[in-house]
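Notes for the one structure printed next.
We count ligands from 1, going down the list as the structure has it; atoms in each ligand are counted the same way.
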Amino acid sequence: MASWTSKLSRWAEKRWDLKEVLTPILDTEVTDYKQKVRFCWGGMTFALIVIELATGIFLAYYYQPSVKGAFQSIVFITDQVHLGWLIRGIHHYASYLIIVTVAVHTLIVFFRGAYKPPREMTWVSGVFLLLLCFAFSFTGYLLTWDQRGYWATRIGTGMASEIPLIGEYLMIFLQGGYGVKQPTIIRFYVSHVIVLPILLIGLLIAHFFMIRRQGVKEPF
Ligand code: HEM
């Protein structure tokens, strides 16, 4: 008896002729050298990003982006919501792992010389992806609205304010005024769950498109 997945794919195939669209995207040769660990760090980063998006959507159902509600909603997620502690823990630790995997990926790409033409734009898109990873961490840190998050943000926005000429404007833009207060939580929340994910998805599409068009650089 045909499995439900093959039944489903036959059903979709009859209606939309998906094979024609998907074959050029999915049909790629995975040569022996691509199966080495050094080629896996970009993919590991991507897998972790998918985990972050899924667990982040779950957290967003309960999180309250306000001075009064933020910390309480975090406590509620951890203590009251079924498996909330686990989902929150995965979101928290996967964010640290992303920094590790993306750093290793960057170093490996650099030492393999894979940033050289014709892959320089893949590298440039990667630099923006790296900055986005840091921006996710920075904005996410404040959302718990505990002492650690508050002071880390004060230090971050304080450093931004030291930039010559634009420093003060940048600090006001990041904080939504003087001081880390209610407008700051809203700004960081909107950045963390809307603006940064849109930029991330756009850049990932560009990154993957270039990698698929050019292929991964041959080993050393
Ligand atoms: C969100 C973060 C990122 C994801 C999900 C990601 C994903 C990937 C994947 C899956 C590959 C193909 C396999 C591999 O070499 O691992 C790749 C290749 C590449 N990545 Fe990234 N990447 C990210 C960040 C970066 C960063 C920060 C840089 C550099 C600044 C970068 C530069 C490159 C380059 C140049 C290649 C081509 C490597 C080659 O042809 O050998 N990527 N990336």
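Of all atoms in ligand 1, listed by their number and element, those nearer than 4.0 Å to a heavy atom of V127 are 30 (C). Distances below 4.0 Å separate heavy atoms of V216 from the following atoms of ligand 1: 39 (C), 40 (O), 41 (O). In the vicinity of L130, heavy-atom distances shorter than 4.0 Å reach the ligand 1 atoms 27 (C). In summary, the atoms of ligand 1 found under 4.0 Å from a heavy atom of I49, numbered by their order in the structure, are 1 (C). For ligand 1, the atoms lying closer than 4.0 Å to a non-hydrogen atom of L204 are 5 (C).
The shortest heavy-atom contact between P197 and S191 is CD-O, 3.7 Å.
Protein N/O/S atoms found under 2.8 Å from atom 21 (Fe) of ligand 1: H105 NE2, H207 NE2.
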Pair E168, Y178 - check side-chain hydrogen bond (donor to acceptor under 3.5 Å, both in side chains), show working. CA-CA 9 Å; E168 194 179 348; Y178 287 96; 2.4 Å; yes

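Closest to atom 14 (C) of ligand 1 among all protein heavy atoms lies F39 O, 3.5 Å. Distance from atom 41 (O) of ligand 1 to its nearest protein heavy atom, with residue and atom name: R112 NH1, 2.7 Å. With hydrogens left out, the protein atom closest to atom 38 (C) of ligand 1 is A114 CB, 3.7 Å, a heavy atom. Protein heavy atom in closest approach to atom 39 (C) of ligand 1: K217 N, 3.4 Å.
Note that CD of Q72 and CD1 of I77 are 12.0 Å apart. Values are rounded to the nearest 0.5 Å.
Between the side chain of Q214 and the backbone N or O of P118 there is at least one donor-acceptor pair closer than 3.5 Å.
Under the 4.5 Å side-chain contact rule for hydrophobic residues, V124 and F208 share a cluster.
Taking 4.5 Å as the limit, some side-chain heavy atom of I211 sits within range of a side-chain heavy atom of T122. At a threshold of 4.5 Å between non-hydrogen side-chain atoms, the residues L142 and R187 do not count as touching. Using a 4.5 Å heavy-atom cutoff, the side chains of Y63 and S73 are in contact.
For T106, there are no side chain to side chain donor-acceptor pair (under 3.5 Å) partners, not counting sequence neighbours. Qualifying side chain to side chain donor-acceptor pair (under 3.5 Å) partners for W151, counting only residues two or more places apart in sequence or in other chains: Q147.
Heavy atoms of F110 found under 4.0 angstrom from ligand 1: none, in either backbone or side chain. Residue contacts with ligand 1 for L132 are absent, since no atom lies close enough (heavy atoms, distance under 4.0 Å).
On a distance-only criterion, R119 and ligand 1 share at least one N/O pair closer than 3.5 Å.
Aromatic pair F138/F188: centroids less than 6.0 angstrom apart.
Cluster partners of F71 are V75, counting Ile, Leu, Val, Met, Phe, Trp and Tyr whose side-chain heavy atoms approach within less than 4.5 Å, directly or via other members.
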